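Below you'll find the structure, written out as structure tokens, and then a few comments.
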Amino acid sequence: MAKPQVLILQHVDWERPGRILQNLEDLGLEHQTLNITSEKNPDLPDFKDVAGLVVMGGPMGALDFDDYPGLKAESKLVRAAVSVGKPVLGVCLGHQIIATALGAKLSKGPAPEIGFAPIKRVDKHDFFSMWDKQISVLHWHNDVVGLPEGAQLLARTSGTKVQAFRVGSALGMQFHLEVTATLLEEWLDEPSMVKDLKAVGLSKSQLRDQFAEFNPTLQPLAEQVFSGFAARCSTYATALAS
């Protein structure tokens with residue numbers, strides 16, 4: 001048997017795992033990052049060796065299977081992981097992939113949500129435990145999802161009814177806690193991201209100012225969420241290796 005590892009599914013070069021990866025590495029967890037969006041039959045690690053699954057963001061739609069056939073494989077992998085209790089974490093597009101893989105509806109939001117704005121806590125869970133009723137986070141999305149059957153709604157905004165949810169072993173977050181100052185600069189070097197930003201009336205300097213303002217509050221929340229996920233992956237990896 002191969003050494004247990006956390007599988008990170010990335011969809012574009014600039015939407016990297018950031019703080020998520022830092023927390024996995026802090027616990028010494030093996031990990032592999034793959035981009036399988038264009039592959040109909042992707043070469044994936046043996047499922048039994050996967051100690052956790054991270055599904056990152058991207059500009060495509062969660063159900064764009066014709067243009068990105070690998071997304072169908074990702075959906076199957078999410079369903080399989082949740083069915084056996086493997087830790088799963090989805091961010092933005094990843095959040096939508098978890099939701100749709102488990103039967104929720106995908107639709108266009110009333111307007112793009114880009115930049116920092118508050119989310120409101122709906123419920124509490126150890127996977128995502130906001131200590132304040134609301135906190136400002138980084139948004140960057142157009143599509144929205146419903147709540148999968150049996151899922152627990154954790155956070156929302158007026159335009160996006162499902163901002164965070166927990167279902168079984170999976171946590172989905174529509175927003176971006178993973179972004180560090182370094183990763184933000186990579187986003188701002190990407191022309192398609194800058195185009196999105198300008199379309200909603202924001203500039204690079206405004207987004208940098210927002211990040212500087214809200215990051216000190218977000219950092220401990222991100223650490224709590226991602227260290228908790230890493231700990232669950234570590235526990236699962238230990239069980240696989242025993």
Side-chain angles (χ1 to χ4, degrees), residues 10-20 37 55-64 67-68 71 89-100 104-122 128 130 132-147 153-165 172-222 225-226:
Q10 200 169 309
H11 304 98
V12 286
D13 291 343
W14 60 91
E15 295 227 27
R16 297 191 295 105
R19 288 175 175 143
I20 302 168
T37 50
V55 191
M56 294 306 304
M60 59 285 292
L63 300 177
D64 287 350
D67 292 330
Y68 305 99
L71 295 178
L89 176 65
V91 174
C92 201
L93 172 62
H95 159 92
Q96 297 165 8
I97 288 172
I98 294 172
T100 54
K105 183 182 176 184
L106 179 78
S107 57
K108 283 287 178 195
E113 240 181 339
I114 295 176
F116 282 83
I119 54 172
K120 294 182 179 179
R121 185 185 71 219
V122 176
F128 181 76
M130 280 172 61
D132 293 326
K133 188 64 178 174
Q134 68 175 38
I135 188 170
S136 289
V137 299
L138 176 58
H139 304 269
W140 208 300
H141 70 103
N142 291 292
D143 290 348
V144 297
V145 286
L147 194 65
L153 180 64
L154 299 173
R156 63 177 291 172
T157 58
S158 57
T160 303
K161 306 301 184 187
V162 181
Q163 281 282 359
F165 69 87
M173 297 183 296
Q174 183 60 71
F175 44 90
H176 295 274
L177 290 183
E178 81 282 5
V179 175
T180 60
T182 302
L183 190 50
L184 181 68
E185 290 305 315
E186 292 184 28
W187 284 23
L188 295 179
D189 283 338
E190 167 54 39
S192 64
M193 299 291 274
V194 177
K195 183 179 178 181
D196 286 349
L197 197 62
K198 289 180 177 177
V200 297
L202 278 173
S203 67
K204 289 185 180 184
S205 60
Q206 285 173 314
L207 192 64
R208 288 189 183 105
D209 287 347
Q210 288 182 357
F211 185 88
E213 177 183 355
F214 295 115
N215 188 53
T217 308
L218 280 178
Q219 173 76 40
L221 176 61
V225 173
F226 298 142

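One-based numbering along the sequence shown. As the structure is a prediction and not an experimental result, all values here were calculated from the model.
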Kindly give the heavy-atom pair with the smallest separation between [X] and [Y], and that separation in Å.
{"X": "Val179", "Y": "Leu183", "answer": "CA-CD2, 4.1 Å"}
{"X": "Phe116", "Y": "Leu218", "answer": "CE2-CD1, 3.6 Å"}
{"X": "Gly146", "Y": "Val162", "answer": "C-CG2, 3.8 Å"}
{"X": "Leu202", "Y": "Gln206", "answer": "CA-OE1, 3.3 Å"}

How about [X] and [Y]: do any of their side-chain heavy atoms sit closer than 4.5 Å?
{"X": "His141", "Y": "Gln174", "value": "yes"}
{"X": "Gln219", "Y": "Arg19", "value": "yes"}
{"X": "Glu113", "Y": "Val200", "value": "no"}
{"X": "Met56", "Y": "Ile20", "value": "yes"}
{"X": "Arg208", "Y": "Leu188", "value": "yes"}

How far does [atom1] of [X] sit from [atom2] of [Y], to the nearest 0.5 angstrom?
{"X": "Leu154", "Y": "Ile119", "atom1": "CG", "atom2": "CD1", "result": "9.5 Å"}
{"X": "His139", "Y": "Ile114", "atom1": "NE2", "atom2": "CD1", "result": "11.0 Å"}
{"X": "Leu207", "Y": "Trp140", "atom1": "CG", "atom2": "CH2", "result": "5.5 Å"}
{"X": "Met60", "Y": "Asp143", "atom1": "CE", "atom2": "CG", "result": "12.0 Å"}
{"X": "Leu153", "Y": "Leu147", "atom1": "CG", "atom2": "CG", "result": "5.5 Å"}

Could you tell me whether Arg16 and Glu178 make a salt bridge, using a distance below 4.0 angstrom between a side-chain N and a carboxylate O?
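Between Glu178 and Arg16 there is no salt bridge, as every charged N stays at least 4.0 Å from the carboxylate O atoms.
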
Set out, in order, the CA-CA distance, both residues' side-chain angles and the distance that settles ring pair (Phe, Tyr, Trp, His ring centres under 6.0 Å) for Phe128 and Phe175, then state yes or no.
CA-CA 13 Å; Phe128 181 76; Phe175 44 90; 5.8 Å; yes

[X] side chain vs [Y] backbone, donor-acceptor pair below 3.5 Å:
{"X": "Thr160", "Y": "Gln163", "value": "no"}
{"X": "Lys108", "Y": "Val144", "value": "no"}
{"X": "Lys204", "Y": "Val194", "value": "no"}

Check the side chains of Ser203 and Ser205 for a donor-acceptor pair under 3.5 angstrom, ignoring hydrogens and angles.
yes

Can you check side chain to side chain contact (heavy atoms under 4.5 Å, CB included) on Val91 and Val55, steps first, answer last?
CA-CA 6 Å; Val91 174; Val55 191; over 6 Å; no

Show your working on side chain to side chain contact (heavy atoms under 4.5 Å, CB included) between Leu93 and His11 and close with a plain yes or no.
CA-CA 9 Å; Leu93 172 62; His11 304 98; 3.7 Å; yes

